[in-house]
Structure formats: structure tokens, C-alpha cells
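Have a look at the structure below before the remarks.
Heads up: numbering here begins at 1 and tracks the sequence.
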Amino acid sequence: MRDVRITGSGQLLELQRRLRAAGHENLRSSLQRRIRRAAEPLRDDLQSAVRGLNIRGQGGSGRGGRSPTTRPLRATIADAIRISVRTTGTVGARVWIDRSALPPDMRAMPNKLNDGRWRHPVFGNRRRWATQYASPWWEITIRRHTPRMEREVARVLDDVQRRLGG
């Protein structure tokens, strides 16, 4: 699973240099805010996708039910999805999962959920293992949002360049 980056790096870097040289701090903050806004629907949709993810077991035992822990897996992962916008260095927006916001034993779970299959001991009993399945959710959701985000970032860049007079 990869982070998503909205960049038009050449254009964004050049625009950033021009903004800094011209001293347009309000335009810079507007650029940052608008790029963040372009990424927010993706973050929200990723959070909804993981919260609504259907996780199923391997078998026909029919047993199951509520999590024995107080940390719901899907909600915990959804709450760790973040957006960061940079206007220096690698300019653009990045949508990512903040693994430091996840408990240590859940840090690998976003990848396992997206891979679609994982094994774990049943209630910590290492002599009995269960396999669980889920549908991929990260790339599918990103693919659905990519054209809209690219259009929005291009529009933001055009607006800011027009305001700079270039």
C-alpha cells in the first residue's frame, strides 16, 4: 500500500518560488488550503471505505461477533488516515496512514486488509489459527478520485498563476 501524492511538481515548485519571491504569503496559504481541500474528499472516502469493509472468516462454524478488544480495527485504521500538504521540497498533497497513530500490534493491518487475506491466532492461542479475508480498498478508492484531484490541482495552479500575472 502506497501513500497518494497529488503533485505537479515542476509547476508547483516554480509557482512556489515565484510566490516566495513576490512575498505573496496570502496566495501561498490559499494555495496550501486549496490543495488540501482537493485531497479531503479522498481522505473521507478512504475512511468510509475502511469503516465499511466486509471482513469475513474462513469457515462455516458461524461463530464470531463483536471484537473482544476495545479497539475496533476498521475505525482505528480510518482515524489514522491523514493529509499533509507541503509547499517546499516535494511540493503537493499526500494522503497516508499514520502508523504511529495505530497501536503497535495493528501497524501492519492496513496492508493486510488491502492484500485481502491474513492469519492470526484465535484469541491469542498460538496452537489455533484463523484466516480472514477482506476486499482491497486503498487503490480502488484512489483510482476513483485521481482524475478529479488532478483537475482540481490544475485549476488551483492556473488560478494562482493568473493572480501572479504570469
Side-chain angles (χ1 to χ4, degrees), residues 1-56 67 71-118 132-166:
M1 182 182 317
R2 304 180 337 241
D3 324 348
V4 183
R5 297 172 194 267
I6 306 169
T7 60
S9 55
Q11 279 183 299
L12 285 170
L13 281 170
E14 178 58 31
L15 193 57
Q16 192 59 35
R17 278 189 213 106
R18 289 176 57 197
L19 285 170
R20 202 173 300 119
H24 289 288
E25 195 57 44
N26 59 345
L27 270 180
R28 244 178 70 182
S29 62
S30 172
L31 173 67
Q32 243 184 329
R33 186 174 55 254
R34 290 178 67 190
I35 290 174
R36 176 178 291 279
R37 263 195 235 134
E40 283 173 351
L42 171 61
R43 182 206 51 209
D44 297 343
D45 206 12
L46 284 166
Q47 288 174 332
S48 294
V50 74
R51 280 190 176 107
L53 197 60
N54 182 24
I55 297 176
R56 49 204 182 282
S67 170
R71 304 166 309 161
L73 174 66
R74 291 170 283 204
T76 304
I77 292 171
D79 292 340
I81 297 174
R82 307 271 193 263
I83 298 174
S84 56
V85 177
R86 292 188 55 172
T87 56
T88 59
T90 306
V91 179
R94 179 177 163 221
V95 179
W96 53 291
I97 295 178
D98 181 4
R99 294 186 193 281
S100 68
L102 296 172
D105 60 334
M106 282 191 194
R107 291 191 177 147
M109 288 309 295
N111 288 353
K112 291 180 187 232
L113 282 174
N114 198 56
D115 291 344
R117 178 182 176 274
W118 69 98
Q132 289 192 282
Y133 303 93
S135 302
W137 57 283
W138 185 262
E139 285 88 7
I140 292 168
T141 307
I142 290 167
R143 237 178 276 128
R144 208 169 42 238
H145 282 268
T146 299
R148 180 199 55 79
M149 291 187 316
E150 288 171 346
R151 284 191 310 271
E152 182 65 27
V153 169
R155 187 171 52 234
V156 168
L157 291 174
D158 290 344
D159 288 351
V160 172
Q161 283 178 335
R162 212 174 12 261
R163 287 177 68 183
L164 278 174

For the [atom1] atom of [X] and the [atom2] atom of [Y], what is their distance to the nearest 0.5 Å?
X	Y	atom1	atom2	result
T146	R151	OG1	CZ	10.5 Å
S30	R37	OG	CZ	7.5 Å
M149	I142	CE	CD1	7.5 Å
N114	E139	CG	CD	4.5 Å
D115	R117	CG	CZ	10.5 Å
L113	Q132	CG	CD	9.0 Å

Do [X] and [Y] have side-chain heavy atoms sitting under 4.5 Å apart?
X	Y	answer
Y133	N54	no
R34	D159	yes
L102	P110	yes

_Minimum heavy-atom separation for I97 and W137, please, with both atom names._
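Nearest heavy atoms, I97 then W137: CD1-CH2, 4.0 Å.
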
*How far apart are the closest heavy atoms of L53 and S135, and which atoms are they?*
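Result for this residue pair: CD1-O, 3.3 Å.
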
Tell me every residue that passes side-chain hydrogen bond (donor to acceptor under 3.5 Å, both in side chains) with [X], counting only those two or more places apart in sequence or in another chain.
X	result
S48	none
R144	D45
D105	R71

*asked:* One pair to check against side-chain contact (heavy atoms from CB on, under 4.5 Å): N111 and W138. What are the steps and the verdict?
replied: CA-CA 9 Å; N111 288 353; W138 185 262; over 6 Å; no

*Scan for salt bridge (Lys or Arg N to Asp or Glu O under 4.0 Å) pairs involving residues 73-84, sequence neighbours excluded, and state none if there are none.*
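Only R51-D79, R82-D98 qualify under salt bridge (Lys or Arg N to Asp or Glu O under 4.0 Å).
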
*Who pairs with R155 by salt bridge (charged side-chain N to carboxylate O under 4.0 Å, His left out), at least two apart in sequence or on another chain?*
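R155 satisfies salt bridge (charged side-chain N to carboxylate O under 4.0 Å, His left out) with E152 only.
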
*List for me each residue that meets salt bridge (charged side-chain N to carboxylate O under 4.0 Å, His left out) alongside R43, sequence neighbours excluded, and say none if there are none.*
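Per chain and number, R43 pairs via salt bridge (charged side-chain N to carboxylate O under 4.0 Å, His left out) with no residue.
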
*asked:* Between L73 and I55, is the side-chain contact (heavy atoms from CB on, under 4.5 Å) condition met? List the steps.
replied: CA-CA 10 Å; L73 174 66; I55 297 176; 4.1 Å; yes

